[in-house]
Amino acid sequence: MRAVDLILKKRDGGTLSREELDFLVQGYVRGEVPDYQMAAFLMAVYFRGMEPGEVADLTMAMVESGDRMDLGSIPGIKVDKHSTGGVGDKTTLVLAPLVAAAGVPVAKMSGRGLGHSGGTLDKLESIPGLTVDISPDRFLEQVRRIGVAVVGQSRRLVPADGKMYALRDVTGTVDSLPLIASSVMSKKIAAGADAIVLDVKTGSGAFMKDFDAALALARTMVDIGERAGRHTRALITNMDQPLGHAVGNALELREAVVTLAGGGPPDLRELCLVLGSHMLVLGGAARDLAEARSRLEELLVSGAALARLRAMVEAQGGDPRAVLPPTVQGQGGDPRAVPPPRPSAATAPAAPADGLLPVARCVHPVPARADGYVTRVDALLVGRAAMVLGAGRARKEDLIDPAVGIVLRRKVGDPVARGEPLAEVHYNDDDRLPAALELLEAAYRIEGQRPPVRPLIMALVTRDGVERYCA
Ligand code: URA
């Protein structure tokens, strides 16, 4: 076999076999297929696409490039969850302990944030002492003992993905449906769970800007999962505006704690309950979605879900006092209080909050310029504003500042009077403030009429088909 013949075949619209894809992928990981040939192949895929069986074969070729986690020593049906990434998406921080508290083990390997959407690991690492770098044995032991662990993905899992993604990043081939689907699903399959719930975001802050593209991606990923013998479902959810109120690592962690304590922003809570219900049903812990939901609601109210997060934090070396219920931390009952309100004069110094999580030095309000209703809070622009402040990384090696970010005081549909705060900027570096403010000003739109509400949960994709919840 020769790589050039396979590139020609794809370039001319042919379908590659599993053996041919193995030749390319394993050859690339071993260094026998050079970057320039893999780049040409990726571009051919970008333009020609892949057949359903072919993209599943590419996924399995990628899985075979490294180790697979064996979760067999953990009793029960293991259910994984993946989000395609969005702004303010802290659902894993809520879902992993919540679902574990309901009796479904969650052995989760997560990624770091890149670009405008933050990563779960970065958010968790704002807890003093907590490590996400855990050996496979300790990871398995922790899930057997307390039902949950959230750790960094082992470099030995799907090495093909890391290498191919880095090449895609510099060759204009990131936003290809088969390449995204195989990248995501190869990591999920190698991570070893029996069932997978996917949250495919659509909207301005998502990879897939429009619904039809998100639907196509969701269908492809569900098909790949099912072909690999994993029960897979995908929800398509709205990412036009950020999820919840907090954007930025420690700010998001606080919001997740408030949500686990039974409060939290309605959209975040709802998404966690819906995703969690599907996880419980796939994990065999509930007969149907209604039973699953009431179980999860009880766990939020009783404190059991938050107690499970504390157990996880402690097991991973973190200080569990950093995730005490908000009233104990002195944050009061306001679900938007992440962290507590402070003097709102420009550049007022930030009061110490709970003392354990990092807090930005200064908070700057973004006032409304007119009376009316908020009709848009552009997720991409808010994500960029958080990045400018240092909450995210443009390149893998960038350091992030866990304390900084944005707290949205108004979201789409909220009424606002001129001068009232739309958002707060939490920042440490004065030089970064103007650019963040400019992005936030552009992110908000205020108009005279209350806008129609786009549903948060837009569709469910299973192996049996698509259920749409929006027109
Ligand atoms: N997330 C991934 O893991 N891979 C992609 O290609 C895109 C998003």
Side-chain angles (χ1 to χ4, degrees), residues 21 25 28-29 38-39 41-46 49-50 55-56 58-63 65-66 69 80-87 89 91-92 108-122 150-193 196-210 213-225 228 230 232 234-237 239 379-380 383 387 392-396:
L21 290 162
V25 171
Y28 184 54
V29 172
M38 182 50 87
F41 168 72
L42 294 171
M43 191 57 88
V45 171
Y46 180 93
M50 282 186 142
V55 69
L58 172 63
T59 306
M60 294 317 290
M62 291 169 73
V63 171
S65 71
M69 279 305 291
D80 201 352
K81 169 258 167 191
H82 179 83
S83 157
T84 57
V87 179
D89 184 0
T91 49
T92 295
K108 177 121 185 75
M109 294 196 161
S110 265
R112 293 194 181 277
L114 196 57
H116 66 273
S117 57
T120 300
L121 301 184
D122 300 314
V150 179
V151 303
Q153 190 188 297
S154 152
R155 269 189 264 285
R156 290 162 58 176
L157 253 51
V158 204
D161 180 60
K163 216 174 159 191
M164 286 164 72
Y165 193 91
L167 194 59
R168 286 167 58 202
D169 214 17
V170 293
T171 55
T173 50
V174 167
D175 49 348
S176 146
L177 189 152
L179 298 180
I180 295 172
S182 54
S183 164
V184 170
M185 291 307 290
S186 60
K187 289 175 283 198
K188 293 291 108 187
I189 292 165
I196 302 162
V197 175
L198 300 164
D199 179 5
V200 179
K201 306 280 190 198
T202 180
S204 89
F207 246 101
M208 295 295 169
K209 305 286 179 218
D210 68 82
L215 181 60
L217 178 64
R219 282 184 138 137
T220 303
M221 293 199 293
V222 168
D223 184 62
I224 294 170
R230 317 295 164 98
T232 308
L235 286 157
I236 300 182
T237 70
M239 187 35 75
L380 179 60
M387 248 188 86
R393 39 173 94 69
R395 288 165 310 157
K396 261 200 313 225

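Note that the coordinates shown come from a computational prediction; the quantities given were computed from them, not determined experimentally. Whatever order the structure lists ligands and atoms in, that order sets their numbers, starting from 1.
- No more than 12 heavy atoms of other residues, nucleotides or ligands shown are found within 6.0 angstrom of CZ on R219.
- Residues passing the side-chain contact (heavy atoms from CB on, under 4.5 Å) test with L167 are Y28, D35, M38, A39, L42, T171, sequence neighbours excluded.
- Between the side chains of S186 and D161, no donor-acceptor pair of N or O atoms lies under 3.5 Å.
- Residues satisfying the side-chain contact (heavy atoms from CB on, under 4.5 Å) test with V29, not counting sequence neighbours, are S65, P159, A160.
- Contacts of K81 classified as side chain to side chain donor-acceptor pair (under 3.5 Å), with partners at least two apart in sequence or in another chain: T91, T92.
- With V200 as reference, T84 is the one residue of L235, T84, V222 to meet the side-chain contact (heavy atoms from CB on, under 4.5 Å) rule.
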Distances under 3.5 Å, N/O of ligand 1 against N/O of the protein: list each pair and its distance.
| from | atom 1 | to | atom 2 | distance (Å) |
| --- | --- | --- | --- | --- |
| ligand 1 | 3 (O) | S183 | OG | 3.4 |
| ligand 1 | 3 (O) | K187 | NZ | 2.5 |
| ligand 1 | 4 (N) | S183 | OG | 2.6 |
| ligand 1 | 6 (O) | R168 | NH1 | 2.9 |
| ligand 1 | 6 (O) | R168 | NH2 | 2.9 |
| ligand 1 | 6 (O) | S183 | OG | 3.4 |

